[in-house]
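The next block holds one structure in the form of structure tokens; read it before the comments.
Because the structure is predicted, anything quoted here is derived from the model rather than measured. In what follows, chains carry the letters A, B, and so on, assigned in the order in which the sequence lines appear, proteins first and then strands, with residues in each chain numbered from 1. Scope of the values below: all heavy atoms of this structure, side chains included, with no hydrogens, waters or symmetry mates.
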Amino acid sequence: MKLHEYQSKQIFSKFGIPIPKGRVAATASEARQIAEELGGRVVIKSQVLVGGRGKAGGVKLAKDPQEAEQLATQILGMEIKGLPVRKVLVDEAAAIDQEIYFAITNDRAAKKPVIMASAAGGVDIEEVAATHPEKIIKVHIDPLLGLRDYQARDIAASMDLPREYWKDFGTIANGLWKAYSSTDATLAEINPLVITKDKRLVALDGKMMIDDNALFRHSDLSEMRDIDEEAPAETEARKYGLSFIKLDGNIGCMVNGAGLAMTSMDIVKLFGGEPANFLDIGGGAGSEKVAAAMRIILSDPNVKAVLFNIFGGITRCDEVAKGILAAMAEVKPKVPMVVRLVGTNAEEGRQLLADAKMITAETLADAAKKAVAAAKGA
Amino acid sequence: MKLHEYQSKQIFSKFGIPIPKGRVAATASEARQIAEELGGRVVIKSQVLVGGRGKAGGVKLAKDPQEAEQLATQILGMEIKGLPVRKVLVDEAAAIDQEIYFAITNDRAAKKPVIMASAAGGVDIEEVAATHPEKIIKVHIDPLLGLRDYQARDIAASMDLPREYWKDFGTIANGLWKAYSSTDATLAEINPLVITKDKRLVALDGKMMIDDNALFRHSDLSEMRDIDEEAPAETEARKYGLSFIKLDGNIGCMVNGAGLAMTSMDIVKLFGGEPANFLDIGGGAGSEKVAAAMRIILSDPNVKAVLFNIFGGITRCDEVAKGILAAMAEVKPKVPMVVRLVGTNAEEGRQLLADAKMITAETLADAAKKAVAAAKGA
Amino acid sequence: MSILVDKNTRLLVQGITGSEGLFHTTQMVNYGTNVVAGVTPGKGGEWVLDKVPVFDSVKLAVEATGANASIIFVPARFAPDAMFEAADAGIPLVICITEGVAVQDMMRVRNYLDQKNVRLIGPNCPGLLTPGEAKVGIIPGNIAIPGNVGVVSRSGTLTYEVLYALKQVGMGSSTCVGIGGDPVNGTNFIDVLDMFEHDPKTEKVVMIGEIGGTDEEKAAEFISSKMTKPVVSFIAGQTAPPGKRMGHAGAIIEGGAGTAADKVRALESAGVRVAKHPEEIPSLLK
Amino acid sequence: MSILVDKNTRLLVQGITGSEGLFHTTQMVNYGTNVVAGVTPGKGGEWVLDKVPVFDSVKLAVEATGANASIIFVPARFAPDAMFEAADAGIPLVICITEGVAVQDMMRVRNYLDQKNVRLIGPNCPGLLTPGEAKVGIIPGNIAIPGNVGVVSRSGTLTYEVLYALKQVGMGSSTCVGIGGDPVNGTNFIDVLDMFEHDPKTEKVVMIGEIGGTDEEKAAEFISSKMTKPVVSFIAGQTAPPGKRMGHAGAIIEGGAGTAADKVRALESAGVRVAKHPEEIPSLLK
């Protein structure tokens with residue numbers, strides 16, 4: 001789950017990381033009021049859950065409350081990469097001397113959290129990483145021990161951060177580690193962490209991503225989810241524990257297992273079709289979950305055929321069949337359906353579906369070909 | 001640092017451990033008021049930092065507010081093992097079915113925290129440990145990982161705790177681990193943890209000890225220290241980082257290092273004297289600390305002679321000498337002083353003390369003999 | 001011969017009385033796997049299938065039955081504790097089927113289990129199948145036959161497709177290992193490839209990868225430098241959209257690797273034949 | 001020969017620019033100890049005594065100087081981090097002089113350093129002295145001469161008394177090890193007794209214990225079962241009052257052991273001669 005900049009920075013602040021003064025606004029007049037409270041120049045920052053908003057014009061500097069209102073009006077009317085801007089963060093503007101990149105994320109290869117830091121922070125950090133990887137400092141954290149103070153100092157020294165900032169940097173590093181570890185984050189990123197002209201370290205921008213699998217122990221964070229930023233189908237899918245991504249094709253896919261779901265898409269494409277979605281019903285899905293999955297697929301008007309590819313293991317084919325039947329009774333679909341059931345309780349599943357007038361397939365390739373043909377014929 | 005029962009139980013409660021309803025009172029009328037608020041029978045428990053208060057009559061059951069007031073009057077007038085009772089805890093009385101012992105402490109041999117639990121809890125737990133050690137369950141906790149849920153279940157099972165209590169016991173175990181680890185405790189003990197007749201687990205009594213060396217990160221706990229419970233000399237000693245214990249003899253001892261301090265006491269006794277105190281000025285003591293130590297020793301009217309035994313290592317003998325001189329100028333002592341300085345900067349120290357008319361000694365045995373003789377001659 | 005599990009494996013099932021645990025215990029027992037014990041806290045003393053004793057803790061189960069491998073079916077929030085419990089009870093091989101374990105939990109688990117030299121398979125994996133000897137997991141037993149092909153896969157159901165496709169043409173496998181697709185898991189491709197390289201029963205290897213991470217790239221290096229046995233592969237996700245990125249940090253940490261095309265290129269450079277779709281694999285093995 | 005430190009020890013001083021660190025570095029250098037580097041964060045690039053370079057971190061110091069032992073003089077609240085830093089930088093021998101380290105910190109440190117096979121001496125100890133070769137700690141160098149007596153002690157200044165008493169009668173020591181008196185420390189009596197038993201230069205051993213804990217009792221067992229060299233001992237605290245008890249738990253965990261009388265009894269049963277006071281030790285060694 002991604003958090004907005006303003007949410008991430010609230011968490012940072014809770015753990016002792018200095019952030020600019022500021023508040024979030026949903027209307028231009030609120031933005032003006034915040035700018036009045038702050039005094040001086042302010043930055044109006046669109047709060048959307050995609051990258052590149054600066055380059056898209058979603059971040060602007062205002063010299064006074066009046067300009068803040070004008071710019072907020074303009075930004076609140078924008079769409080960035082297809083997402084409407086519904087909120088802006090109004091922050092006091094900072095006079096910047098240097099931009100530092102500073103993040104903690106998971107290193108899957110090392111099986112440990114890793115700190116990444118660079119004195120060359122800012123919007124071009126990915127380019128720095130690609131062209132000057134030696135400018136990115138990486139330090140692993142022992143997950144049983146946590147970040148050690150000496151590690152923060154080593155990073156500060158490796159970045160050639162002037163010594164006068166080491167102590168504050170240590171506080172920020174410790175705060176970022178706590179923010180990351182106490183929220184089950186997969187990413188806690190400050191970019192940029194700036195040195196201001198009046199010699200303070202401030203987290204000017206922040207980004208956090210929370211491990212969905214850990215939300216059960218963070219009800220406070222779950223409430224931060226911004227469902228306005230999701231396609232309604234994805235919100236619905238998450239409610240049922242389904243993994244769903246909408247795509248542009250016309251063949252709806254319902255598969256168990258992410259690998260097999262991707263493979264099914266690959267084969268549909270290999271045989272000339274275009275998948276309408278990625279949908280993994282996960283392991284051990286019951287009939288209710290399957291029915292929800294089917295409703296979600298059929299809610300897409302582009303879908304001209306549906307491919308069910310279920311290889312039962314922990315998932316039982318009879319449960320899947322029951323879910324399909326339940327959803328069909330409710331939604332009464334008009335598109336052709338190709339179904340392939342193999343593995344655990346496949347026989348029982350096939351019997352349940354025997355009267356449902358579905359196209360059946362034996363192999364994966366056969367199923368994909370039939371789905372492609374059905375979509376074209378429809 | 002020892003905490004009172006009521007303080008320990010407040011900490012327990014903060015970490016989700018059920019405790020009886022109740023409050024602390026400094027006067028009998030307060031106790032009556034609390035009893036009125038609680039309704040029903042209450043227990044009046046003296047809050048003193050020594051064990052055995054139950055056997056000393058410091059814990060009484062009151063059937064109504066009036067009796068609560070009477071008993072509180074009586075208990076608030078008591079001394080237990082020399083300590084006056086200044087506060088009582090007024091708790092609702094519980095109907096007890098079973099008493100469990102449950103504690104976390106440090107196992108110095110294993111270098112790990114250890115849980116100890118027994119179905120035979122209550123005041124006689126030490127006797128159980130001595131006569132039926134198999135009835136005490138010990139489980140070590142990995143200090144880098146913390147208590148695991150399965151360990152709490154294993155303990156519950158090993159104690160033959162009925163299964164209906166396993167879940168609540170798990171919550172209590174987790175709470176006790178958090179209480180212990182987040183306060184840098186050296187002991188977090190519930191005795192008894194009771195099963196009430198209405199089938200709840202409640203921490204009826206609690207005891208916590210906090211690592212003095214860790215108080216720098218627990219300012220909230222430092223404030224809980226009850227200096228009323230300490231000899232004023234000990235409070236003064238702690239202020240200067242001195243380790244001081246008052247004893248009954250007449251030879252004041254000032255030594256650097258706990259081992260050498262104990263040895264100095266041992267030798268004083270070996271040669272027929274009685275030490276007036278244990279006093280370790282620690283490693284690297286400066287003159288200010290030494291002067292404070294000397295004032296504390298001389299504040300004891302029993303002291304008839306003072307033995308200084310300083311073997312300089314991290315402590316420098318010249319610093320000690322300066323401290324002695326400073327204190328002598330201030331206090332103008334009238335008792336004889338025997339001083340032995342060896343090791344780091346001993347020569348400089350001896351020169352500083354050359355004019356101070358102190359009895360000097362070369363060996364430890366010699367110093368002890370001279371101090372014993374001086375005390376007898378005085 | 002086989003790797004990891006065989007007829008002599010004495011298997012413990014953690015979460016044996018839950019609906020998944022019970023269903024798959026039945027399947028494993030029917031397959032002939034030597035399931036010696038189960039654990040469900042609070043249900044010690046019960047029996048499953050009238051033959052498998054249930055204990056309150058792994059320690060008690062190991063003491064009573066000498067179990068030397070454990071399979072975990074408990075819900076995700078309890079799975080880390082189950083893995084710690086198995087490791088602390090001295091079990092050298094732990095297979096965690098559970099899906100959805102939090103990644104910071106898994107980092108702690110993995111680092112702890114490494115200290116104790118415990119081999120962990122999974123989580124979020126289908127487990128192990130040594131056809132004809134032991135099914136330790138949820139791979140349907142009837143889709144594979146004994147043979148000389150070692151199969152290792154990051155994907156669950158996709159593995160079944162491959163085993164099933166092999167069986168259709170009469171090919172069997174020595175052992176099939178589902179290592180799971182989670183970002184932090186217990187066993188990676190290289191570990192299993194090394195075991196297959198040293199397993200006399202295994203003559204050919206199928207490796208099934210997918211997008212994300214760099215395990216396939218590292219496996220390619222290992223194959224080209226250390227392996228003598230032929231390897232055939234398939235990589236899922238060739239048409240997957242870039243998807244939701246992990247901010248800058250994800251890109252930096254993996255250095256731009258992890259796409260299907262990268263993996264296919266690395267594997268082909270290492271002499272691995274990469275199938276276009278899973279059902280093509282048997283013909284590439286011939 | 002000697003144990004733990006000798007002329008070839010390349011010593012790093014953590015906290016070298018602090019008042020204690022600087023004072024004792026001077027003493028160590030004057031003694032002839034091979035002090036190759038110091039660490040004080042924020043003071044990298046400076047020099048101490050015009051000859052010892054100061055670095056910002058242990059890692060940098062080790063890279064530049066090949067230091068293979070580190071002595072720690074930093075304040076108690078920073079000492080755990082200093083120990084972790086030394087261990088992570090690959091230093092195999094760490095001596096922590098600092099007094100007053102929190103015990104839960106020490107449990108974490110000790111468990112972590114054990115995983116990394118780092119030998120820790122202390123904390124709250126006087127360090128090591130191999131007379132004539134290396135002084136790594138705060139034991140005054142002029143109170144001991146080279147010889148064949150191995151000395152190990154839980155107490156700081158009491159150790160000095162013993163070394164001093166030995167020197168008065170012309171006896172010298174092979175190595176003197178102050179293990180420190182804290183409840184959780186890095187090295188215990190048995191570790192050092194074992195080293196002395198295998199050290200050709202050591203012919204006799206002095207062990208100085210004190211009340212509390214059960215290390216002396218365990219040492220007695222070790223001496224009676226594993227040691228061939230004669231051991232003389234002294235136990236401090238024979239007249240100490242029972243003191244402040246750790247509630248029930250302290251009594252239960254140590255099972256009533258830990259008094260001076262218990263320790264003396266255990267040692268005498270193991271054939272150890274126990275002195276009545278430290279200055280009696282030389283005569284018992286003859």
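Within a 6.0 Å sphere centred on NZ of C/Lys218, other residues, nucleotides and ligands contribute more than 12 heavy atoms. Atom CD of B/Glu127 sits in a sparse spot, with 12 or fewer heavy atoms from other residues, nucleotides or ligands closer than 6.0 Å. A 6.0 Å sphere centred on NZ of B/Lys178 holds no more than 12 heavy atoms belonging to other residues, nucleotides or ligands. Counting heavy atoms of neighbouring residues, nucleotides and ligands inside a 6.0 Å radius, atom CZ of B/Arg41 does not exceed 12 of them.
With a 4.5 Å cut-off on non-hydrogen atoms, B/Arg148 touches chain C through its backbone and its side chain both.
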Would B/Asp142 and C/Phe84 count as a side chain to side chain contact (heavy atoms under 4.5 Å, CB included) if you check the C-alpha gap in whole Å, the side-chain angles of each, and the deciding distance to 0.1 Å? CA-CA 11 Å; B/Asp142 185 313; C/Phe84 286 121; over 6 Å; no
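In this structure, C/Asp81 and B/Asp149 approach most closely via the heavy-atom pair OD1-N, 3.1 Å.
Of the listed residues (C/Lys43, C/Lys59, C/Arg108), the one with the most heavy-atom contacts under 4.5 Å to chain B is C/Lys43.
Residue C/Asp56 holds its CG atom at 10.0 Å from OG of B/Ser158, rounded to the nearest 0.5 Å. Note that CG of B/Asp154 and CG of C/Asp88 are 9.5 Å apart. Values are rounded to the nearest 0.5 Å.
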